[in-house]
Amino acid sequence: MKKALLLSSAMILSLGTISAAAAEQPSASAYRAEKPITIDGDLSEWNLSSPIEIKDASQIIRDKDSWLGETDVSCIVYLMWDEDNLYLASDTKEASSLGAVGVIGHNMEDNFKIYISTNPEADPARTSFETNDFLLYLMMDSQNWYTAIDRSMIEREQLARFTSKGMEENADILEGYEKEYTTTDEGFIFEAAIPWANFSNKQIEQYVPEAGDTINFNFCITDNDYPFPNTQSSVQMSWCGTMEIDKNPSLWGRVTFE
């Protein structure tokens, strides 16, 4: 009887821990685009009512001592969607913007990192990447905005033949990807259309969002003032979580498709 009570208590504690972890995930909305958004660096077509704000010192996950404040690096991110594309916009403040030059690892250069699940049925409290979890890099080089997808953290049996792309080169690996930016007094406004097809293959069915779906999602910005070998610091800020977000989706936020 005593063992049964202990087991029951442990199960309740475990479930409570999982629920608490899920409850702590911040949330935002992605709004449906009634028609395809024109990718021109202008936010006039956007629903701006549910921003993902990354501008506080508490959101720095790497090289905090090198951050000089909100105008040094920060961003406000917006999401929209339709059946074909994920639309993303970032109103970015960065003192030394668009500094990626392709001579050091992607994670140290100026970039946006998008963490996304394409499975709304996945456990939001899972602590490791599954088949439908992706880490997408959008590199800030002012010309090509080369891209990459990192799948190195996924166990081989769950890869479904979708391996990392572009992590060792400076190329645009996204098909149908549109992007544009316009400069501002403190940085730039970036817009992108990312076809959902880029998160699928012959074994992973293409995700088509439906209103009401909620997925794990996170966004990270990296700022390297001197993107060259032996660089000493590279500030990285995230909507939520710690450096473990590269491995642990339970540290991401939650996005609901409205």
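In this chain, residues are counted from 1 in sequence order.
With hydrogens and angles disregarded, no donor-acceptor distance shorter than 3.5 Å links the side chain of Trp67 to the backbone of Asp72. Within the 3.5 Å criterion, the main-chain N or O of Cys240 finds a donor-acceptor partner in the side chain of Asn218. Not a single donor-acceptor pair under 3.5 Å links the side chain of Asp223 to the backbone N or O of Glu94. Remark: the backbone N or O of Met108 is paired with a side-chain donor or acceptor of Ser234 at under 3.5 angstrom. Counting only distance, with no hydrogens or angles, the side chain of Thr182 and the backbone of Gly41 share a donor-acceptor pair below 3.5 Å. A donor-acceptor pair is defined here as one N or O able to donate and one able to accept, closer than 3.5 Å; such a pair exists between the side chain of Gln59 and the backbone of Glu53. Side chain of Glu191 to main chain of Ala89: no donor-acceptor pair is present (N/O by atom type, distance under 3.5 Å, no hydrogens or angles). A distance-only check finds a donor-acceptor pair linking the side chain of Glu45 to the backbone of Thr38 [under 3.5 Å].
Checked for salt-bridge contact, Asp246 and Lys113 meet the test: a charged N lies under 4.0 Å from a carboxylate O. Ion pairing between a basic and an acidic side chain is recognised when a charged N comes within 4.0 Å of a carboxylate O; Glu83 and Arg32 show such pairing.
Applying the side-chain hydrogen bond (donor to acceptor under 3.5 Å, both in side chains) rule to Thr147 yields the partners Asp172; only residues at least two apart in sequence or on another chain are considered.
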- Message: One pair to check against side chain to side chain contact (heavy atoms under 4.5 Å, CB included): Cys220 and Gln236. What are the steps and the verdict?
- Response: CA-CA 7 Å; Cys220 184; Gln236 200 163 79; 3.2 Å; yes

- Task: Show your reasoning for whether side chain to side chain contact (heavy atoms under 4.5 Å, CB included) applies to Tyr207 and Asp213.
- Result: CA-CA 11 Å; Tyr207 177 49; Asp213 283 359; 2.7 Å; yes

- Query: side chain to side chain contact (heavy atoms under 4.5 Å, CB included) between Leu138 and Leu174: does it pass, once the steps are laid out?
  - Reply: CA-CA 10 Å; Leu138 307 181; Leu174 296 179; 4.3 Å; yes

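In this structure, the ring of Phe219 has its center no less than 6.0 angstrom from the ring center of Trp239. Ring pair Trp145/Phe190: centre-to-centre distance below 6.0 Å.
Using cut-offs of 30° and 60° for the angle between ring planes, the Phe162 and Phe134 rings count as perpendicular. Note on ring orientation: taking the six-membered ring where Trp is involved, the planes of Phe257 and Trp81 are perpendicular (angle over 60°, cut-offs 30° and 60°).
A donor-acceptor contact closer than 3.5 angstrom links the side chains of Asn111 and Thr222. Between the side chains of Asp91 and Tyr78, not a single donor N or O lies within less than 3.5 Å of an accepting N or O. Side-chain polar atoms of Ser49 and Tyr31 form a donor-acceptor pair below 3.5 angstrom.
The neighbour count for Glu157 CD, taken as heavy atoms of other residues, nucleotides or ligands under 6.0 Å away, is above 12. Surrounding CD of Glu175 are at most 12 heavy atoms belonging to other residues, nucleotides or ligands under 6.0 Å away. More than 12 non-hydrogen atoms from other residues, nucleotides or ligands lie less than 6.0 angstrom from CG of Asp56.
With rounding to the nearest 0.5 Å, the separation of CZ in Phe129 from NZ in Lys247 is 10.5 Å. In this structure, the separation between CD1 on Ile194 and CG on Asn85 is 9.0 Å, given to the nearest 0.5 Å. Between Glu109 atom CD and Met139 atom CE the span is 5.0 Å, to the nearest 0.5 Å. With values rounded to the nearest 0.5 angstrom, Ser128 atom OG is found 9.5 Å from Ile154 atom CD1. Taking CG of Leu136 as the start and CD1 of Ile173 as the end, the distance is 6.5 Å to the nearest 0.5 Å. To the nearest 0.5 Å, atoms CE (Met140) and OG (Ser90) are separated by 7.0 Å.
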